[in-house]
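Chain letters run A, B, ... following the sequence lines, proteins first, then strands; residues in each count from 1.
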2 protein chains.
Amino acid sequence: MATIRDVAKLANVSTATVSRVLNDNGYVNSETKNRVNEAIEQLRYRPNDVARSLFKGSSKMIALFVPDIKNPFFPELARAVEDVTNQYGYTFVLCNTDDNHEKEITYLNALTQKSVDGFIMVSSTICERHLEHVTSPIISLDRRFSSNISSVTVNNRKGAREATAYLQSIGCKKIAHICGPQTASNSKDRLKGYLDVVKYEAWFHSDFIVAGDYRFKSSYEVTKDLLTKHKDIDGLFVANDLMAVGVLKAAESLNMNIPEQLSVIGFDGIPLGLTTTPSLTTIQQPIYEIGSRAAQILLELIDHPEQQVIHEELEVTLIERDSTKRREEA
Amino acid sequence: MATIRDVAKLANVSTATVSRVLNDNGYVNSETKNRVNEAIEQLRYRPNDVARSLFKGSSKMIALFVPDIKNPFFPELARAVEDVTNQYGYTFVLCNTDDNHEKEITYLNALTQKSVDGFIMVSSTICERHLEHVTSPIISLDRRFSSNISSVTVNNRKGAREATAYLQSIGCKKIAHICGPQTASNSKDRLKGYLDVVKYEAWFHSDFIVAGDYRFKSSYEVTKDLLTKHKDIDGLFVANDLMAVGVLKAAESLNMNIPEQLSVIGFDGIPLGLTTTPSLTTIQQPIYEIGSRAAQILLELIDHPEQQVIHEELEVTLIERDSTKRREEA
DNA sequence: TTGTAAGCGTTATCAA
DNA sequence: TTGATAACGCTTACAA
């Protein structure tokens, strides 16, 4: 690979001049500029970004931490982040953390050594004190670490309320909830939203709240149990779509008809909900927008580190599909 | 951030000595080693990888190019690649190319400037001549660029033959095929495999081959058309699972019963096929293994550039699920 | 066993 | 308008 010195020699100028035309700053005679550009072309010269990074102390890279890209919520998020980082000339690093705290810390250190310019994190285990020594900007998604760390979230509690109220509005009399992992703040908020609506109902009973972990399998099993024990449940608010699909499959295996016997509503709005039979009613998050806003805010924070903390909350939308249906009055 | 010089000063040694204990090479007295390590700890010193990269000319980063991480085939692949690269201390860069040639070239150049050590590419547009000036090792996935560029693939043609023969074996009399984009070699091979089996059948007609693009939507539409025109089709081999799910949905909208009236088999074995109703019979690729083998081979190629080109072909497996069913004799 | 110093490829300051 | 040169933080001959 040719270096700036090779170019300088060929064009009969100093490296400083080459650098000037490269970066388009400082005065440079238009004729020598041409000479330099020709030399660049002739040598197929491309500046070495590592050397640039060393000098500048920044790498033009940003990293996204997700628990697992295989979880269908994250590909769209990742895509959004990559789209905007790429648009601004940044390189996109993806890290799967498995919600493992040590792994997160290891990544954080490794990438800091590489002068990565900023982090977007979906994490349940990170909190402020782990970030003390991190000097690059960080933005948390979906879950808020602390008021000092910028975030992009949705109003989970409100969305959960809306989901539950919707089930009531279509005539469900006994509405259960399958929770996400209680380590995740969004999951806690969704539970709260559910409780906001049903807490004082005469029929309400804590048996109607069952624990899941946001994964398909747990909900498949937990649901079979729940629906076998409580045959009077006619509405189910599930903390995320992946688990809601598990519910659909569990009901299928029990020969229960959805939505005739049971209405099911999920949360997230992932594309998977479009391909099930019945298709899934859900509270849709603006996934792409969450990712792209997060990336934009991060890039602003990188350019203006003096800027204050930013918290942005986006809106969710109820999407009616075929897994819910108005109950006929008895 | 502390530098190696700060450590050297605090430990009362030269930077060379610090470097020696850091990299554990060269002689260094065990007592001074302790002093150095204490200084490192005291200053929370972490070596700057950018400086290291500049010196070494390599960055300990590898990149994966996929058309779109939102396509459900790729998250598992990406996960596999990230797992092994991470295990060997490499950083994982993800690029969405949209099958856009210019974008691919731009990424390739940008990452080369960053001294990225190797590339894993899923691409239909790249061929050898675009790679002339790339000096880092490259490995192509799923599609073979040329015999000079290492690859990890599956036997698409054989898998397609197996799929088609399976439909015959369960009694399908007229078997159609929905193709992938003919720009992709895997797609062409799957078509060939289909033809291998049906070409000389008396019923065979070119109308039974319809063009898709590996996406859900195209197949949804194309299928409605096909099934309306040719009501005698009783078997359908679809070039990938995503399109096969489109077929399921199209049949649903036509009130056709799968598998009673029509058996459908896909290709890929993505998790999506487990959540549809009916679940999808398919030719399963070992997706995770493809990714992890590719990454392992790439790392070998990075360590031993003198090594020759490697082509590896993995096996596919027929998975019977609920979208296919033995035809009763008339 | 340790230190000195050159070099990796840039950018930016200062002087000319 | 241009050029010399120090600096970014590290590694590795080579010398001591």
Please work out if B/T3 contacts a base, only the sugar-phosphate, or nothing of the nucleic acid, heavy-atom cut-off 4.0 Å.
->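 Answer is sugar-phosphate: B/T3 comes under 4.0 Å of backbone atoms only.
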Integer-rounded Å distance: [N] [atom2] and [X] [atom1]:
{"X": "A/Q113", "N": "D/dG9", "atom1": "CD", "atom2": "C1'", "result": "12 Å"}
{"X": "B/N12", "N": "C/dT1", "atom1": "CG", "atom2": "C1'", "result": "16 Å"}
{"X": "B/R35", "N": "C/dG3", "atom1": "CZ", "atom2": "P", "result": "8 Å"}
{"X": "B/R20", "N": "C/dT4", "atom1": "CZ", "atom2": "C1'", "result": "10 Å"}
{"X": "B/R5", "N": "D/dT11", "atom1": "CZ", "atom2": "P", "result": "12 Å"}
{"X": "A/N23", "N": "C/dG9", "atom1": "CG", "atom2": "P", "result": "17 Å"}
{"X": "B/I4", "N": "D/dA7", "atom1": "CD1", "atom2": "P", "result": "18 Å"}
{"X": "B/L22", "N": "D/dT12", "atom1": "CG", "atom2": "C1'", "result": "14 Å"}

May I have all residue pairs that pass salt bridge (Lys or Arg N to Asp or Glu O under 4.0 Å) and include part of residues 67-92 of chain A, sequence neighbours excluded?
->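 Those involving residues 67-92 of chain A are A/D68-A/K70, A/D68-B/R79, A/R79-A/D83, A/R79-B/D68, A/R79-B/D98.
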For B/H304 and B/L301, indicate whether the former's side chain and the latter's backbone hold a donor-acceptor pair under 3.5 Å.
-> no
Nearest to side-chain heavy atoms of [X], which nucleotide of [options]:
{"X": "A/Y27", "options": "D/dT1, C/dC14, C/dT4", "answer": "D/dT1"}
{"X": "A/S19", "options": "C/dT11, C/dT13, C/dA5", "answer": "C/dT11"}
{"X": "A/A16", "options": "C/dT10, D/dC8, D/dG3", "answer": "D/dG3"}

Residue mapping more 5' on DNA chain D - nearest nucleotide basis, A/S14 or B/V18 = A/S14
Is the distance from OP1 or OP2 of C/dG3 to the nearest side-chain N or O of B/T17 less than 4.0 Å?
-> yes
Answer yes or no: does a side-chain N or O of B/T15 lie under 4.0 Å from OP1 or OP2 of C/dG3?
->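 Result: no.
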Side chains of B/L108 and B/E104: does their closest heavy-atom pair fall under 4.5 Å?
-> no
Please determine, by modelled atom types, if B/N186 and B/Y214 share a side-chain donor-acceptor pair under 3.5 angstrom.
->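 Checked: B/N186/B/Y214 side chains pair up, N/O donor to acceptor below 3.5 Å.
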Side chains of B/N48 and A/Q113: is there a donor and an acceptor less than 3.5 Å apart?
->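 No, no side-chain donor-acceptor contact under 3.5 Å.
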Heavy-atom neighbours of B/R35 CZ exceed 12 at 6.0 Å | yes
Tell me, yes or no, whether the heavy-atom count around B/K103 atom NZ, taken from other residues, nucleotides or ligands under 6.0 Å, exceeds 12.
-> yes
Strand-adjacent residues in residues 38-63 of chain A, judged by heavy atoms under 4.0 Å from DNA chain C =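 Going residue by residue through residues 38-63 of chain A, the ones with a heavy atom under 4.0 Å of DNA chain C turn out to be A/Y45, A/R46, A/P47, A/N48, A/A51, A/R52, A/F55, A/K56.
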